[in-house]
Amino acid sequence: MSDDLELVHLTKRYGDTVAVADISHRFPSGAYVCLLGPSGCGKSTTLRMIAGHESVSEGSILLGGLDISHLPPAKRGTAMMFQSYALFPHLSVRDNVAFSLRMKGVERAERNATANQMLELVHMSAFGDRLPAQLSGGQQQRVALARALVTQPRVLLLDEPLSALDPFLRIRMRAELKKLQRELGIPFIHVTHGQDEALALADEVVVMNNAVIEQAGPAREVWGTPRTEFVARFMGGHNVIATPSGKVSFRADETRISDAGLPATVTAVEYQGASVAMTAALDSGEELLALLPEETFFAAPKNPGEAVRLSWDERRANRLQA
């Protein structure tokens, strides 16, 4: 059975407010997809409609060609891992994982055996008898993941699953989520507002803004060739300026100090280890970011207030849609 998930003219209204506006998109089967965008862009509402925790105003959600948009969450073949983890504090880790099987009337021995398999999958076998309060944030997250996977969903939905973790643990969990998705071979649809997280995880990035999809495609393509000014600015690492022939974007790491460039005044310098981020304002008031190799910058360091000239390779500039 194909596990292609498709949104067809999907819309969500709250009274006069349109949270998701007529979006259509097919998620590739077996891919790790990140829904990326700022707060209020419609990404979490889209995820909740797929899960069945939010009703659909118009349009449909197809899984394997069947419309699941009017089925209850438990009958859809999807499972959702919530941002808050939402573990039952009075149940052991094992009983938390087995909870949905208990609701389905699965016998205790069978559901415990299945829960133990899931705990092994997320490296939590040794913690089955503990209560959630006895676990760290990262451990609680693994339990929430095991609980979502115990129903053997055809699609796993993750709502900002890493936002509560410290930066070091977040990077470690990114690698584990990616590995798990590859092992299971089912689509993971992961909502985030972190560009780094989306680029690190996603086979496909879907950028949302103002209730619509601005751009979707392989992570490298979306970052490297943004189609709109919003995507270029939101993904970061790009400069956007108006030229006589229209708006263009070009990469900050390809922006250089050179005698032949546009005159600008340095406004900020930030040391980032391997590189230095230098911001400079053009005479027009537009700000450009140059990510300069650390050695290059410190061979002739610049300070805020100094005049510089900035250039980039015009052939590699990326034309943006209006």
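Positions are given from 1 along the sequence. Not measured: the values here are computed from a predicted model.
Heavy-atom contacts from other residues, nucleotides or ligands closer than 6.0 Å to CD of Glu120 number 12 or fewer. A 6.0 Å sphere centred on CD of Gln152 holds no more than 12 heavy atoms belonging to other residues, nucleotides or ligands. Environment of CD in Glu107: sparse, with no more than 12 heavy atoms of neighbouring residues, nucleotides or ligands closer than 6.0 Å.
Distance alone, capped at 3.5 Å, is enough to place a donor-acceptor pair between the Arg170 side chain and the Leu162 backbone. At distances below 3.5 Å, not a single donor-acceptor pair connects side-chain atoms of Lys247 with backbone N or O atoms of Gln321. Judged by distance alone, the side chain of Thr255 and the main-chain N or O of Arg251 form a donor-acceptor pair under 3.5 Å. Checked by atom type and distance alone, the side chain of Gln141 pairs as donor or acceptor with a backbone atom of Pro161 at under 3.5 Å.
Ionic pairing of Asp259 and Arg309 is not present here: no N-O contact between side-chain nitrogen and carboxylate oxygen is shorter than 4.0 angstrom. Salt bridge annotation for Lys178-Asp203: present, with a cationic side-chain nitrogen under 4.0 angstrom from a carboxylate oxygen.
Scanning both residues, Val222 and Ala216, for their nearest heavy atoms gives CG2-C, 4.0 Å. Between Ile68 and Ile50 the shortest heavy-atom distance is CD1-O, 4.3 Å. Across all non-hydrogen atoms, the minimal contact from Ala211 to Ile23 is O-CG2, 3.7 Å. Here the closest non-hydrogen pair linking Leu310 and Met278 is CD2-CE, 3.8 Å. Summarising the geometry of Ala299 relative to Pro301, their closest heavy-atom pair is C-CD, 3.8 Å, with the distance given to 0.1 Å. In terms of heavy-atom proximity, Pro187 sits nearest to Gly30 at CG-N, 3.7 Å.
Ring orientation note: the planes of Tyr271 and Phe298 are nearly perpendicular, at an angle over 60° on the 30°/60° scale. Aromatic ring orientation, Phe230 versus Phe234: parallel (interplanar angle below 30°, classes split at 30° and 60°).
Within the structure, every pair that satisfies the ring-ring contact (aromatic ring centres under 6.0 Å, His included) test and touches residues 30-66, not counting sequence neighbours, is listed here: Tyr32-Phe188, Tyr32-His190, His53-Phe82.
A search for ring pair (Phe, Tyr, Trp, His ring centres under 6.0 Å) contacts involving Phe297 returns nothing, not counting sequence neighbours.
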